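Being a predicted model, the structure only gives us computed values, none of them experimental.
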Amino acid sequence: MDVRGDRSGQSRVDGQEARLRYADGDFVIMTSGAFVRCAVSGRPIPLQALRYWSVARQEAYFGPEEAVQNLAPPK
């Protein structure tokens with residue numbers, strides 16, 4: 001897998017996008033691939049770097065900021 005930046009500052013991950021089922025502390029690969037997309041930013045997340053997700057929403061987050069942003073209750 002190759003991770004690169006483009007002119008927009010977005011990361012690009014070479015390979016196919018994976019489909020996962022998120023569980024508490026783990027995930028199951030439903031469709032193999034190299035990465036998933038952040039539900040907030042759309043940035044690709046290499047599977048070996050995936051640390052943040054919501055089991056209830058079944059979505060991944062690039063980092064703690066995106067997770068908090070998406071999971072915080074509306075004001």
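Summarising the geometry of L50 relative to A60, their closest heavy-atom pair is CD1-CB, 3.8 Å, with the distance given to 0.1 Å. Considering every non-hydrogen atom in both Q48 and R51, the closest pair reads O-NH1, 3.0 Å. Heavy atoms only, all atoms of each residue included: G15 and A34 are closest at CA-CB, 4.3 Å.
Side-chain contact between V36 and F62: absent, with no pair of heavy atoms (C-beta onward) separated by less than 4.5 Å.
Applying the side chain to side chain donor-acceptor pair (under 3.5 Å) criterion to E66, with sequence neighbours excluded, gives no partner residue. Residues passing the ring pair (Phe, Tyr, Trp, His ring centres under 6.0 Å) test with Y52: none are found, sequence neighbours excluded.
Summarising the geometry, atom CG belonging to L20 is positioned 8.5 Å from atom OG1 belonging to T31; distances are rounded to the nearest 0.5 Å. Note that CG of L47 and CZ of F27 are 5.5 Å apart. Values are rounded to the nearest 0.5 Å.
The closest donor-acceptor contact from the side chain of R43 to the backbone of V40 lies at 3.5 Å or more, if one exists at all.
Listed by first and then second residue, the salt bridge (charged side-chain N to carboxylate O under 4.0 Å, His left out) pairs that reach into residues 16-27 are E17-R37, sequence neighbours excluded.
Residues W53 and Y61 place their aromatic rings such that the two centres sit no closer than 6.0 Å.
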